[in-house]
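Heads up, the thing below is written out as structure tokens.
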Amino acid sequence: MSNYKKLYEKYEQTDAHKVTEEVKEAEQVIERAIEDLKGIAPEDALFELDMLIGTLARAYEKQGFLFAQEVAKRCKKNGNK
């Protein structure tokens, strides 16, 4: 299972790494929310929030990648392609 991190890094560097409409929409929502908070929250807090959201998003993407890898392994084990 620890192999998924190396595979994920390779995947990220290929043209197989696509941005979905859901990601584009979520990024727009986050950008608007951070823009709305400007002048209310300190700039460093907004930067940290943006970094935290990015970290969480990448963690979810890795989780999905791991899930897909596990499904592929089980299909191969069961003779499905």
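Counting from 1, the numbers follow the sequence of the chain as shown. Quick caveat, the model's predicted, so the values are computed rather than measured.
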Less than 3.5 Å apart, which donor and acceptor atoms pair up between the side chains of residues 20-36 and the rest of the protein, not counting sequence neighbours?
{"unit_1": "Thr20", "atom_1": "OG1", "unit_2": "Glu22", "atom_2": "OE1", "d": "3.3"}
{"unit_1": "Thr20", "atom_1": "OG1", "unit_2": "Val23", "atom_2": "N", "d": "3.2"}
{"unit_1": "Glu35", "atom_1": "OE1", "unit_2": "Lys38", "atom_2": "NZ", "d": "3.4"}

Distance, nearest 0.5 Å, that separates CD of Gln69 from NZ of Lys73: 4.5 Å
Checking Phe67 now: which residues fulfil ring-ring contact (aromatic ring centres under 6.0 Å, His included) with it, not counting sequence neighbours? none
Let me have the donor-acceptor pairs involving side chains of residues 53-61, under 3.5 Å, with sequence neighbours excluded, atom names and distances please.
{"unit_1": "Thr55", "atom_1": "OG1", "unit_2": "Met51", "atom_2": "O", "d": "3.0"}
{"unit_1": "Arg58", "atom_1": "NH2", "unit_2": "Glu12", "atom_2": "OE1", "d": "2.8"}
{"unit_1": "Glu61", "atom_1": "OE1", "unit_2": "Tyr8", "atom_2": "OH", "d": "2.6"}
{"unit_1": "Glu61", "atom_1": "OE2", "unit_2": "His17", "atom_2": "NE2", "d": "3.0"}

